[in-house]
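Structure record follows, encoded as structure tokens.
Every chain is numbered from 1, with letters handed out A, B, ... down the list of sequences.
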Amino acid sequence: MYNFRKIENKWQERWEKEETFKAKDDFSKPKFYGLVEFPYPSGAGMHVGHIKAYSGLDVIARLRRMQGYNVLFPIGFDAFGLPTENYAIKTKTHPRIVTDKNIENFTKQMKKVGFAFDYSRTIDTTQESYYKWTQWIFLKMFEHNLAFRDKTLVNYCPSCKVVLSNEDSQGGKCDICHNEIIQKEKDVWYLRITDYSEKLLEGLKDVDYLPNIKLQQENWIGKSNGAFVWFDLTNTSDKLKIYTTRPDTLFGVTFMVIAPEHPLIEKNKDKILNMDEINVYREVTRKKTEFERIELNKEKTGVKIDGILAINPVNGKEIPIYVSDYVMLGYGTGAIMAVPAHDSRDYEMARKFNIDIIPVIDGDISYEAYTEDGKMINSGFLNGIDNKKEAIEKMIAYLEENKIGKRAVQYKMKDWAFNRQRYWGEPIPIIYCDNCGMVAVPYDELPLKLPEIKNYEPGTNGESPLAKIPEFVNCVCPKCGKNAKRETDTMPQWAGSSWYFLRYIDPFNDKELADYDKLKYWLPVDWYNGGMEHVTRHVIYSRFWHHFLYDIGVVPTKEPYAKRTAQGLILGPDGDKMSKSKGNVIDPNDIVDSYGADTLRAYVLFMGEYSKESPWNDDAIKGVSRFLDKVYNLKDKVNDKLEYSKNLEIIINKTIKKVSEDYEAMKFNTAISALMQLTSSYAECDEITKADYLVLLQLLCPIAPHITEELNELLGNKQMLVDSKFPVYDASKVLDEEIEIAVQINGKLRDTIKVKKDATKEEVLALAYESDNIKRHLENKKVVKEIVVLGRIVNIVAKDA
RNA sequence: GCCUGAGUGGCGGAAUAGGUAGACGCACAGGACUUAAAAUCCUGCGAGAUUCAACCCUCGUGUCGGUUCAAGUCCGACCUUAGGCACCA
């Protein structure tokens, strides 16, 4: 094996000394901004997943540099967060110390793998000079009424003593400690991301994200078109406002359902005859988490309200109202019109409570709801229409004309719960004053620093540890000068990661978040790669912040990322997700030590399709290692005096084409295959030219930068390979003179023939008929059709004579 | 339940627009080199039938149908599996 240790150390030192990958603000050159999701610097160090994520874009960044772009490829650390804090609680070590140690370790490891990062721009979200601007953005949002407090039922983790967003508590369990969460009423900070629903949806039209990523974003926003309808009630002057996507089925409404928390109940409690029964049901519901309400409650439950009926505005029918937990207060209006004939949930509910089912669309409803399209029946003025869209439009027009409803759009996305009762996060820069209410910390007092603290455990009542420090809590109101108290909650980890890519552009600016001209040059991020698990939350949160910053004139683009891709997971050798408990974790350090960084990089890119998950295989690394050895050993075949080798011309051009196209599509596995084949072709020659060898090195350089730089130097080249021009193929030299094509009879392969690349249809056919095997198969048969696809295939259709 | 992927040799995986299924790699087997081993190099490697052997032939990309001269690829139904979302009205 070649001496990878010596070679890799040498080039890593040289890159560092010469600041090879330091991005320059040279506005005259075309730019490329490549971004990878910055890591959380955990104590465990780097994971092979990080290697795959960074290697992929490292290839692209080096490629773009070789194509003449001014490249920015930065790295940093998303260092606030719970694991560090929990570690601090356990070991009584300050999170600052733990964080610094972990960052140092990560940096050392990343350098050993030879990523072309610009380390001079490294930022970490816990630096005061960084979170000053995170707080600044928050205050701007507060100023624009996008940060607000609200009393709501929240997901509360009794163990972590923190409030969690819905996204953090999926499965009814705390994302961090995995204990059960409960519902608790609390004052919560929200960011009004819902104000940006439409913009975030619209913006997707202008970006190049992988289709499934785009789809996930769309689903998260969850736009639906429908209508509000107001139902009159008996016994009360109140009206019941509902939201529906199917106003066309209004004639089929046989009952209404409202959420147990619906204010109508409390307001009309003196008119409801079975308040006790309803209260019991509401109490049961209250104890359920949102997850349980939607996930475990397969069997419909509910209570019919006695004393109040609803009146269907289109036909005047009086219908019952039920309270049921399958309707959520947080979506739509917290009340629905139920059409059991054409909605499966309503159908179940009607079956359980023996409610009428009236079909309004012609179809079979004997076993289940009919949810397909069809002809309208039992529907007054809609009868006979068999187009859903037309029926909906006609109904909306009717509703609006009679002022009993109107067209409406709803979004699934909810506002973003933004506070945590934790120490290791950005303090929320707000002051509570008895006189003035909520007051922002003045901008010139930012950053509002995290105070030194001895005990990191949360307060007893679910309060932040900061609440226990009087020197922090007690302050003076910036407005009136009277004594006041500070907000003691901190921001979630997503805050810092929502804008970090902006700071890389101008990391040392202490006047503003980043210089506008620099932002104008570098934005948008041209290519952002990261994990599939972040494509909904992180990407949408950071897009939201970016849209906001655009609206207030801080950044020059609406969208932050022009292109987003995601890499697939590396599974353990057993095919399961890697985890400490399963003991199937692969440590990248071990691989670097025994095979070298180039082999590790090439292997993670070779193991399968980049965007898909594939299991780790210790044996398979050998194949990649052997390949690099072969490339290395080829150096002995180079003959300086040899000038031209025509026999390799075609395969070289083919390979350049294949590799260039594959890199763009992140099909690194097939690019490496092609390079392996080129290497084999070289190995078959007695000698190769310098130029031919250089092409191989250049094509391989983005994947295996150390060994290729070394070999380039051995060739006598002074200029670094990464500064050379990436090869371009000659389109006239990618096809062999003679190509092999298949000859089929009735679709079955019977022979292959060699033809000239520009052979005509007649020539090809003539050759095909000359084949003995073809002749034999055509005996006693009559040819009825001949299909020739030039360059590909001949198919002769023959019947028994 | 809904949405989105995926299902191809012993294994990881290839296969622009339908056009020679199994590239490339691993493992395995045989051979060369070696005192020997490792390393390296060469050859073979989907299953089956037949044959001294080769050619040749049959079957084969989760299952069942369909479209087509031709289907891993397109269409329909289903099964398995991964991820995401969720009584979202």
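Relative to the side chain of A:T752, the nucleotides B:rA23, B:rC69, B:rU20 differ in distance, and B:rU20 lies closest. Ranking B:rU20, B:rG25, B:rA89 by closeness to the A:V327 side chain, first place goes to B:rA89. Comparing B:rC56, B:rA70, B:rU20 by their closest approach to the side chain of A:N773 singles out B:rC56. Set against B:rG19, B:rC56, B:rC69, the side chain of A:V797 has B:rC69 as its closest nucleotide. Comparing B:rA27, B:rC3, B:rC56 against the side chain of A:R776 picks out B:rC56 as the nearest. Residue A:I336 has its side chain nearest to B:rA89 when only B:rC69, B:rC85, B:rA89 are considered. Between B:rG19, B:rU20, B:rA89, one nucleotide has an atom nearer to the side chain of A:T244 than all others, and that is B:rA89. When distances are taken from the side chain of A:Q677 to each of B:rC88, B:rC24, B:rC69, the shortest belongs to B:rC24.
For A:K622 and A:D619, the salt-bridge test passes: some basic side-chain N is under 4.0 Å from an acidic carboxylate O. Using a 4.0 Å cut-off between charged nitrogen and carboxylate oxygen, A:K637 and A:E684 do not count as a salt-bridge pair. Ion pairing between a basic and an acidic side chain is recognised when a charged N comes within 4.0 Å of a carboxylate O; A:D248 and A:R246 show such pairing. A salt bridge does not link A:K667 to A:E661: none of the charged side-chain nitrogens sits closer than 4.0 Å to a carboxylate oxygen.
Between A:N617 and A:Y603, the side chains place no donor N or O within less than 3.5 Å of an acceptor N or O (distance only, hydrogens not considered).
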Fill in: Nucleotide-level pairing of RNA chain B, given in dot-bracket where Watson-Crick and G-U pairs need both distances under 3.5 Å and | marks other strands
(((((((..(((......[....))).(((((.......))))).(((........)))..(((((..]....))))))))))))....
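With both ends at atom C1', the span from B:rC57 to B:rA71 equals 22 Å, rounded to whole Å. When the P atom is used for both B:rG10 and B:rU63, the distance is 14 Å, rounded to whole Å. Taking atom P in both B:rG72 and B:rC78, one finds a spacing of 22 Å when rounded to whole Å. Straight-line distance between the C1' atoms of B:rA32 and B:rA38: roughly 16 Å, to the nearest whole Å. Spacing between B:rU8 and B:rC41 at atom C1', rounded to whole Å, works out to 31 Å.
A:L399 has its side chain within reach of A:L250: a pair of non-hydrogen atoms, C-beta onward, lies under 4.5 Å apart. Looking only at side-chain heavy atoms (C-beta outward), A:E786 and A:Y769 come within less than 4.5 Å of each other. Side-chain atoms of A:T244 and A:V339, non-hydrogen and from C-beta on, never get closer than 4.5 Å to each other.
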Practice prompt. Summarise how protein sits on nucleotides 9-15 of chain B as a single string, 5' to 3': B when a protein heavy atom is under 4.0 Å from the base, S for sugar-phosphate-only contact, - for no contact.
Written response: ---BSSS
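Taking syn as a glycosidic angle within 90° of 0, B:rG9 qualifies as syn.
Using a 4.0 Å heavy-atom distance criterion, A:K630 is classed as a sugar-phosphate-only contact. Within the nucleic acid shown, A:N795 comes within 4.0 Å of at least one base atom, counting heavy atoms only. Contact annotation for A:H777: backbone-only contact, meaning every heavy-atom pair under 4.0 Å involves sugar-phosphate atoms and none involves a base.
Closest non-hydrogen pair, A:M413 versus A:S197, comes out as CE-OG, 3.6 Å.
OP1 or OP2 of B:rA27 sits under 4.0 Å from a side-chain N or O of A:K622. Between B:rC55 and A:R750, no contact under 4.0 Å exists linking OP1 or OP2 to a side-chain N or O. Residue A:K748 has a polar side-chain atom (N or O) positioned under 4.0 Å from OP1 or OP2 of B:rC59. Residue A:R626 places at least one side-chain N or O closer than 4.0 Å to OP1 or OP2 of B:rU40.
Scanning for side chain to side chain contact (heavy atoms under 4.5 Å, CB included) contacts around A:P573 gives A:N584, A:I586, A:W616, with sequence neighbours left out.
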